[in-house]
There are 2 protein chains.
Amino acid sequence: MNQKIDSLAKILIEKNIKPSYQRIRILQYINENINHPTVDNIFNSLVKEIPTLSKATVYNTLELFEDANLVKVITIEDNETRYDSRVHNHGHFKCESCGSIYDFEVDIDSLVVNSLKYFKINDKNVYFKGICSRCLTPNKFLAKTKIRK
Amino acid sequence: MNQKIDSLAKILIEKNIKPSYQRIRILQYINENINHPTVDNIFNSLVKEIPTLSKATVYNTLELFEDANLVKVITIEDNETRYDSRVHNHGHFKCESCGSIYDFEVDIDSLVVNSLKYFKINDKNVYFKGICSRCLTPNKFLAKTKIRK
DNA sequence: TATAAAATTTATAATCATTATAATATTATT
DNA sequence: AATAATATTATAATGATTATAAATTTTATA
């Protein structure tokens with residue numbers, strides 16, 4: 001328990017972020033809930049255990065984390081910003097039926113663009129939209145498979 | 001003049017959209033202003049010539065156009081939705097310094113993702129962020145080059 | 001052509017995520 | 001412990017988008 005908190009604190013310290021209790025818990029949350037939570041997801045879960053938690057803190061903390069490259073912002077729909085603690089380059093698939101977001105491996109760096117030769121590229125993003133296999137074949141695996149949101 | 005309006009009307013009719021004056025003008029605007037305008041850009045320009053124009057009409061019309069594949073929504077920042085009348089697959093580069101959005105050609109279809117084999121993919125998006133060449137080398141071409149927003 | 005129905009546009013209010021502000025609490029430093 | 005710096009909180013403000021209902025325009029029908 002303490003060990004877990006210590007290792008999370010260590011991650012923050014390495015990024016020059018003071019490891020307050022709130023920051024540690026938010027970091028823990030996004031590390032344990034890798035299914036692209038929204039600010040609301042994070043806040044509503046944590047406020048149960050930290051009743052004084054403010055949504056502003058969640059916003060502030062995520063911005064800090066973003067600058068420190070501890071989290072990546074996923075902007076697919078304009079009305080829901082999501083956060084991903086896996087910052088290595090990968091793609092996202094959003095199901096237009098159930099709303100789930102799936103990660104997928106994709107070699108984004110192989111996308112070389114000649115016309116951007118003299119541009120400084122800081123960030124490459126790939127996302128797809130469509131219907132996920134679960135929604136395409138409902139029931140099929142329902143009994144066997146755990147559904148993840 | 002009438003010719004132009006007629007050809008725009010034709011495009012709408014082909015998509016089963018009734019060619020009202022507002023719709024024609026909005027279509028015209030996004031075709032002539034391909035630099036990824038926002039709803040505000042579109043509204044503020046057109047309201048000068050159509051004083052009764054309502055922002056709700058712009059929203060409604062763009063939604064219609066989106067469903068008809070006459071326009072593509074660009075979601076890069078969560079706080080600004082932009083529209084692109086060029087619906088063929090291409091990438092977008094957003095400059096973090098000046099805010100400009102550049103189009104670039106990229107072979108998105110070459111991105112084959114095995115883990116999405118049983119997913120129905122409707123839409124593939126690629127966007128980069130960074131600093132554009134204009135911002136990297138300011139002044140350099142300033143005298144010679146027209147600045148485009 | 002007159003009238004009714006349908007579709008579109010408009011003005012306005014409501015919503016909701018995010019940001020800003022200022023007060024309070026916590027932590028670090030002397 | 002006192003003071004300064006930092007972080008958190010509660011609350012208000014902002015602003016883009018959506019919802020609603022009235023007004024207008026267009027279309028269909030008698």
Side-chain angles (χ1 to χ4, degrees), chain A residues 5-6 8-9 11-13 15-30 36-68 70-71 73-83 99 101, chain B residues 5 8-9 12-13 15-30 36-68 70-71 73-83 99 101:
Chain A
I5 287 190
D6 284 352
L8 290 165
I11 293 172
L12 294 176
I13 291 166
K15 298 282 189 176
N16 290 314
I17 296 172
K18 292 196 183 157
S20 73
Y21 182 64
Q22 289 86 338
R23 289 171 178 175
I24 288 173
R25 294 304 306 274
I26 292 169
L27 180 62
Q28 182 184 20
Y29 184 89
I30 60 173
H36 319 96
T38 61
V39 166
D40 258 48
N41 296 151
I42 299 168
F43 174 78
N44 289 325
S45 285
L46 291 179
V47 78
K48 290 174 194 161
E49 295 173 43
I50 316 168
T52 62
L53 183 67
S54 162
K55 204 173 273 191
T57 300
V58 180
Y59 276 103
N60 292 340
T61 302
L62 288 171
E63 198 185 339
L64 261 184
F65 287 4
E66 193 192 345
D67 294 341
L70 286 172
V71 79
V73 175
I74 311 178
T75 309
I76 298 182
E77 292 324 322
D78 51 347
N79 58 335
E80 53 167 31
T81 303
R82 293 171 170 277
Y83 294 87
I101 294 178
Chain B
I5 288 191
L8 291 164
L12 295 176
I13 291 167
K15 296 285 191 177
N16 290 315
I17 296 172
K18 292 195 183 156
S20 73
Y21 181 65
Q22 288 86 340
R23 289 171 177 172
I24 287 174
R25 295 302 305 274
I26 292 170
L27 180 62
Q28 182 184 21
Y29 184 89
I30 61 173
H36 319 97
T38 62
V39 166
D40 258 48
N41 296 150
I42 299 168
F43 175 78
N44 289 325
S45 284
L46 290 180
V47 80
K48 290 174 194 161
E49 294 173 43
I50 316 169
T52 62
L53 184 67
S54 162
K55 205 173 270 190
T57 300
V58 180
Y59 277 104
N60 292 340
T61 302
L62 288 170
E63 198 185 340
L64 262 183
F65 286 4
E66 194 192 345
D67 294 341
L70 285 172
V71 79
V73 176
I74 311 178
T75 310
I76 297 182
E77 290 328 319
D78 52 346
N79 58 336
E80 54 167 30
T81 303
R82 294 172 169 276
Y83 294 87
I101 295 177

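Protein chains get the first letters and strands the later ones, always in sequence-line order, with residue 1 at the start of each.
- Ionic pairing of A:R25 and A:E49 is present here: one or more N-O contacts between side-chain nitrogen and carboxylate oxygen are shorter than 4.0 angstrom.
- Rounded to an integer number of Å, the gap from A:I13 CD1 to D:dA7 P is 13 Å.
- Across all non-hydrogen atoms, the minimal contact from A:I42 to A:V58 is CG2-CG1, 4.0 Å.
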Can you build the contact string for nucleotides 8-22 of chain C? Use B for base contact, S for sugar-phosphate-only contact, and - for no protein heavy atom under 4.0 Å. SSBB-----SBB---
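- Interatomic distance, CZ of A:F43 versus CD1 of A:I26, reported as 10.0 Å (0.5 Å rounding).
- Rounding to whole angstrom units, CD of residue A:E77 and C1' of D:dA16 are separated by 15 Å.
- Look at CD1 on A:I24: it is 15 Å from C1' on D:dT8, rounded to the nearest Å.
- Ionic pairing of A:D67 and A:K15 is not present here: no N-O contact between side-chain nitrogen and carboxylate oxygen is shorter than 4.0 angstrom.
- Here the side chains of A:Y83 and A:T38 are not in contact, with every heavy-atom distance at 4.5 Å or above.
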